[in-house]
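Everything quoted here is computed from the prediction, not taken from an experiment.
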Amino acid sequence: MDEARAREILAAAGLPVAEARLLALGENAVFAVGDLAVKVGRDAEVYERAERELALAAWLAAADVPAVRAAEEKPRLVEGHPLTFWHRLPEAVRPAEPRDLAPLLRRIHALPEPVALTLPRRELLGGVERWLRLAGDAIDPADAAFLRERRDSFAPAAAALTPRLAPGPIHGDALPRNVHVGPDGPVLVDLETFSSDLREHDLVVLALSRDRYGLDPAAYEAFTEAYGWDVREWEGCAVLRGARETASCAWVAQHAPANPKALAEFERRVGSLRDGDPEVRWYPF
């Protein structure tokens, strides 16, 4: 789904397309429309996830966790695409930093399981098949087979890990890009990967950012100090890192058919995994 198709869906929903401003285009297309943020899902397969994300927003609001608030309780299904509506946040006062994420994670990690909502496990590798299918012939079939083999080897290893922290609700994609720092402080802005699983999942994300994506080690240290623990001290860190690298590589693949830069980044990532080189720099996409 590209921006043009997403705008067609907005029009079919009766929204003022001329006023819509694209905010993000990734797993979803997100538009600012008046006082709302409208998220357009890629296909009907993600409708249930969109429905759960809205329920999560209500749960977090009841727990007084700073997060985006839903403007409508249920998704709309428009031409096979789920649309969710959110209250727009005030303008950011500055870019989010890793240290802004730590207190939000501490609050989430202190929450018990929700009573009226069943959180799924963090299926970190669950999207690999769909992303590779969306990539189609744009990627080398041998690379797709390699990622499927990695997925199949990391899945049982991750399931057998002994955690250091008590399992429970997690964000699932704990990165500064999913935090908005407004006048009242940091707020979570992406809830669709919320799960109930090893809390370490949330902490491995920034450890990988430090090692692969060029995150300043000082910023990472500020994050671990604010959270109170460095996940790299845990013996299971390498397994969760390997699983996340596999998923991140496959995620980029889905954009390859329409974007040569995505194909180049996919080939960079899969090449470093084939070579077993943990220090090849990856670039956010």
Side-chain angles (χ1 to χ4, degrees), residues 27-28 45-46 48-60 62-63 65-68 98 101-131 147-148 150-179 188-212 223-224 226-251:
E27 183 73 6
N28 308 279
E45 289 184 25
V46 297
E48 187 175 323
R49 186 178 67 186
E51 195 172 36
R52 184 172 63 248
E53 187 178 10
L54 294 174
L56 276 163
W59 175 60
L60 292 174
V65 174
V68 287
L101 182 60
L104 293 172
L105 291 182
R106 287 182 62 88
R107 293 185 70 167
I108 293 166
H109 293 177
L111 292 174
E113 298 286 349
V115 175
L117 175 66
T118 301
L119 295 178
R121 294 293 301 273
R122 177 62 175 114
E123 293 293 342
L124 186 59
L125 297 165
V128 168
E129 189 60 38
R130 183 166 66 90
W131 297 326
L147 288 177
R148 289 185 175 102
R150 274 184 65 95
R151 174 199 61 196
D152 294 344
S153 66
F154 274 111
L161 289 173
T162 300
R164 177 81 61 87
L165 306 174
I170 62 172
H171 179 271
D173 192 27
L175 285 164
R177 72 183 183 203
N178 292 325
V179 175
L188 285 173
V189 296
D190 191 346
L191 312 179
E192 64 186 20
T193 54
F194 252 83
S195 317
S196 180
D197 214 309
L198 306 186
R199 259 62 189 255
E200 288 84 354
H201 274 292
D202 277 345
L203 306 178
V204 165
V205 178
L206 276 186
L208 182 58
S209 294
R210 179 191 183 281
D211 296 341
R212 278 289 196 198
F223 167 79
T224 58
Y227 184 85
W229 182 54
D230 187 342
V231 71
R232 294 179 302 166
E233 300 171 4
W234 175 54
E235 60 275 9
C237 183
V239 174
L240 286 192
R241 171 187 162 139
R244 187 167 185 88
E245 285 177 316
T246 304
S248 297
C249 190
W251 182 87

Between atom [atom1] of [X] and atom [atom2] of [Y], what is the distance when rounded to the nearest 0.5 Å?
X      : Y      : atom1 : atom2 : answer
Glu53  : Leu191 : CD    : CG    : 5.0 Å
Tyr227 : Leu203 : OH    : CG    : 5.0 Å
Leu101 : Phe223 : CG    : CZ    : 5.0 Å

Is there a side-chain contact between [X] and [Y] in this structure, where contact means two heavy atoms from C-beta onward sitting under 4.5 Å apart?
X      : Y      : answer
Asn28  : Arg49  : yes
Leu175 : Leu206 : yes
Leu188 : Val68  : no
Arg52  : Pro120 : yes
Glu113 : Pro169 : yes
Trp131 : Leu147 : no
Arg199 : Ile108 : no

Sequence neighbours left out, what passes side-chain hydrogen bond (donor to acceptor under 3.5 Å, both in side chains) with Asp173? Give chain and number order.
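By the side-chain hydrogen bond (donor to acceptor under 3.5 Å, both in side chains) rule, Asp173 matches Arg177, Asn178, Arg244.
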Just by distance, do the side chain of [X] and the backbone of [Y] share a donor-acceptor pair under 3.5 Å?
X      : Y      : value
Arg122 : Gly172 : yes
Thr193 : His171 : yes
Asp202 : Ile170 : no

Residues, nucleotides or ligands: over 12 heavy atoms within 6.0 Å of Glu48 CD
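No, the 6.0 Å shell around CD holds no more than 12 heavy atoms from other groups.
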Between [X] and [Y], what is the shortest heavy-atom contact and its length?
X      : Y      : value
Ser195 : Leu119 : O-CD1, 3.5 Å
Pro167 : Leu198 : CG-CD2, 4.3 Å
Ala63  : Leu111 : CB-CD2, 3.9 Å

Verdict with supporting geometry, Leu117 and Phe194, side chain to side chain contact (heavy atoms under 4.5 Å, CB included)
CA-CA 11 Å; Leu117 175 66; Phe194 252 83; over 6 Å; no
Going by an N to O cut-off under 4.0 Å, is there a salt bridge joining Glu245 and Arg241?
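Yes, Glu245 and Arg241 are salt-bridged.
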Extract all donor-acceptor atom pairs below 3.5 Å that involve side chains of residues 156-166 and protein atoms in other chains or at least two apart in sequence.
none

Give me the one residue out of Val231, Leu208, Asp230 that meets side chain to side chain contact (heavy atoms under 4.5 Å, CB included) with Cys237.
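Exactly one pass, corresponding to Val231.
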